[in-house]
Amino acid sequence: MINLKINGIDVSVEKGTTILQAANMIDIQIPTLCHMDLHDIKYINKLASCRVCMVEDKKSGKLFPSCATPVKEGMIIETDSIRAVQARRTVVELLLSDHPNSCLTCAKNLDCQLQKIAHDLGIREIPYQGEMRQLPIDANSLSLVRDPNKCILCRRCETMCNEVQTVGALAEIGRGFYTHVGSTFNRSMYETTCTFCGQCLSVCPTGALTEVSNVRKVWKALHSDKTVIVQTAPAVRVALGEMFGMEPGTVVTGKMVTALRKLGFDMIFDTNFAADLTIVEEANEFVERMKGNGKLPILTSCCPGWVNFMEQQFSDMIDIPSTCKSPHEMFGAIAKSYLCEKLNIKPEDMVVVSVMPCIAKKFEAARPELEHKGASDVDMVITTRELASMIKEAGIHFTELPDDDFDDPMGESTGAGAIFGATGGVIEATVRTAYETLTGKELEKLEFTDLRGLTGIKETTVKIGDREVRIAVANGLGNTRKLLNKVKSGEEKFDAIEVMACPGGCIGGGGQPFHHGDISILKRRAEGIYSVDHNKKLRKSHENPKIIELYETYLGEVAGPRAHELLHTSYTA
Ligand code: HC1
Ligand code: SF4
């Protein structure tokens with residue numbers, strides 16, 4: 001053990017611990033910008049490029065960047081000495097000297113870590129007013145906006161994209177003053193291998209990476225004479241409250257419905273209903289493949305970041321993902337057929353808005369494969385953050401709102417639909433239904449705890465009848481690459497694999513309130529998701545009475561011709 005003092009407090013920590021980690025252990029916070037410790041996901045951004053976390057060692061009389069300096073015996077660290085604070089201020093003043101002065105209109109206004117540190121340090125003027133970069137802004141994709149002028153070279157996004165996700169769409173480019181993190185060959189993001197998972201923007205401390213906002217389009221639709229309906233993804237309800245100061249994981253379903261009604265949506269529905277529908281189709285596909293009608297393993301297909309990754313990087317496996325559309329796309333297809341018939345309106349007079357924790361859903365909604373009779377299943381996608389901004393814009397006091405219920409008939413859901421929002425949940429929901437279909441017996445223990453949590457690759461074996469069924473979950477794209485390479489080489493054999501592009505699943509999506517690398521927030525959101533499941537009377541998708549009614553009155557057979565036309569898709573290599 002190494003013994004040292006931090007701000008006068010004796011500390012004893014293991015060799016190799018950094019000064020920053022040692023300080024955090026005794027609850028002393030040191031500001032950082034580039035540092036990112038993704039604990040359970042096991043990645044650290046170690047570049048120490050920003051130098052904001054400077055501290056002074058009174059023993060040696062030296063200043064050190066605390067995130068990159070291991071503790072030494074006898075150090076006398078002061079995190080707030082005059083020299084340390086002055087060094088930190090100078091670093092931040094230099095960062096501000098060439099940073100665009102557009103805080104008031106920046107998408108990250110009030111959520112920017114550079115802004116917060118400047119505020120916390122009481123910086124009121126920038127002594128080194130310098131030249132500004134005038135690099136082109138890339139807003140050409142449907143999901144992601146990249147403003148290199150706001151890049152402070154912390155390179156968290158690079159660590160996320162290249163090391164955690166193994167996509168490799170981002171790299172440091174340019175020279176000297178013009179150095180910034182850009183895209184491969186400086187192309188527009190939609191021309192790169194970017195999957196639009198949005199993990200880079202989840203950790204970007206400034207407004208250099210943000211989502212494409214559809215808020216204005218949604219307002220315009222709400223003020224039109226069309227019927228505007230909205231659906232909310234499973235993971236939105238456990239994170240939206242954070243945007244209003246509530247604790248991560250607080251389930252705000254009822255308040256969210258009330259807020260959506262106040263915003264003027266004509267009908268408010270639940271993507272969880274469509275998640276149940278997905279399970280009925282996907283579990284059937286799994287059962288059929290287990291009976292020998294098709295290839296195993298079946299791969300889940302609801303995550304659009306994963307579908308992009310699969311099409312680009314695992315195109316040789318294009319025949320094994322489930323052909324099921326994602327739940328929100330199934331919802332759109334059912335809304336523009338079944339619901340329009342019920343409401344006696346034309347599909348072209350209906351606008352379907354999805355509130356999603358994900359920015360890849362914006363890209364997904366525009367896919368030509370997800371059109372029916374020339375119209376997109378889903379017209380507009382906004383993120384959890386964008387919904388919060390609409391609620392704020394409308395002057396609604398979210399925390400004070402009473403609860404309301406989703407509308408009928410696409411508002412009813414089971415616990416299985418709810419758990420889609422956390423890594424492992426989709427396959428757990430699939431197994432709950434597939435087990436009962438295959439055995440004709442009731443599944444007694446519904447929770448598959450081996451498939452839950454933030455571990456990168458999870459697996460379990462389930463006895464279904466006389467068969468040992470091997471299930472795996474890949475949590476994040478880097479883990480997906482590892483797992484699929486093993487499956488391809490024959491080193492591993494599974495019957496079903498769930499893939500979610502974002503670490504944590506949808507609860508950690510790129511459209512959620514920024515977690516800035518604090519992974520404990522994801523754990524709390526997951527707890528919220530599992531509490532929704534736990535508190536439901538019905539916890540298996542095939543028991544959802546509204547789904548049963550949908551098949552009886554409209555779709556016909558599971559996987560029948562109408563279900564195929566509306567609920568299934570194909571992939572492009
Ligand atoms: Fe997801 Fe899904 S779970 S993909 O993470 O299958 O975005 O929440 O809506 O469509 O249901 C996201 C979440 C979401 C779909 C469902
Ligand atoms: Fe990489 Fe995902 Fe960001 Fe695209 S959205 S650059 S794939 S981290």
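Positions are given from 1 along the sequence. Note that ligands are numbered from 1 as they come in the structure, with each ligand's atoms numbered from 1 the same way. Just so you know, these numbers use all the heavy atoms, side chains as well, and skip hydrogens, waters and symmetry mates.
Between F244 and F398, the angle of the ring planes stays under 30°, which puts this pair in the parallel group of the 30/60° scheme. Using a 30° and 60° split on the angle between ring planes, W306 and F309 fall in the tilted class, from 30° to 60°.
Scanning the protein heavy atoms around atom 2 (Fe) of ligand 2, the nearest turns out to be C197 SG, 2.3 Å. Nearest protein heavy-atom contact of atom 4 (Fe) of ligand 2 is C194 SG, 2.3 Å. Among all non-hydrogen protein atoms, the one lying nearest atom 5 (S) of ligand 2 is G198 N, 3.1 Å.
In summary, R524 and E527 do not engage in a salt bridge, as defined by a charged side-chain N under 4.0 Å from a carboxylate O. The pair E436-R432 fails the salt-bridge criterion, with no side-chain N (NZ, NE, NH1 or NH2) lying under 4.0 Å from an Asp/Glu carboxylate O. R385 and D111 are not joined by a salt bridge, as no carboxylate oxygen comes within less than 4.0 angstrom of a charged side-chain nitrogen. A salt bridge between R367 and E311 is present, with a side-chain N of the basic residue lying under 4.0 Å from a carboxylate O of the acidic one. A salt bridge is defined here as a Lys NZ or Arg NE, NH1 or NH2 lying under 4.0 Å from an Asp or Glu carboxylate O, and K458 with E428 fails to meet this definition. Salt bridge R525/E242: present, at least one basic N to carboxylate O contact under 4.0 Å. Between D408 and K546, at least one side-chain nitrogen of the basic residue sits less than 4.0 Å from a carboxylate oxygen of the acidic one, meeting the salt-bridge criterion.
Inter-residue side-chain proximity for T192 and L170 is flagged as unmet; no heavy-atom pair is nearer than 4.5 Å.
Counting heavy atoms under 4.0 Å from ligand 2, residue V167 touches it through the side chain alone. Residue contacts with ligand 2, taken as heavy atom pairs separated by less than 4.0 Å, involve M189 solely via side-chain atoms from C-beta onward. Neither the backbone nor the side chain of T193 comes within 4.0 Å of ligand 2, counting heavy atoms alone.
Which parts of ligand 2 touch F196 is read off a 4.0 Å heavy-atom cut-off, strictly below it: atoms 4 (Fe), 5 (S). Atoms of ligand 2 lying under 4.0 Å from at least one heavy atom of C200, given by number and element, are 3 (Fe), 5 (S), 6 (S), 8 (S). Set against the non-hydrogen atoms of T195, the atoms of ligand 2 under 4.0 Å away are 2 (Fe), 4 (Fe), 7 (S). Atoms of ligand 2 found under 4.0 Å from any heavy atom of L170, numbered from 1 in the order shown, are 6 (S).
Interatomic distance, CD1 of I497 versus CG of L299, reported as 5.5 Å (0.5 Å rounding).
Between atom 2 (Fe) of ligand 2 and C161 there is no N/O/S contact shorter than 2.8 Å.
A distance limit of 4.0 angstrom between heavy atoms and ligand 1 selects the residues A233, P234, A235, T271, A275, C302, S326, P327, H328, M356, P357, C358, K361, F420, C506.
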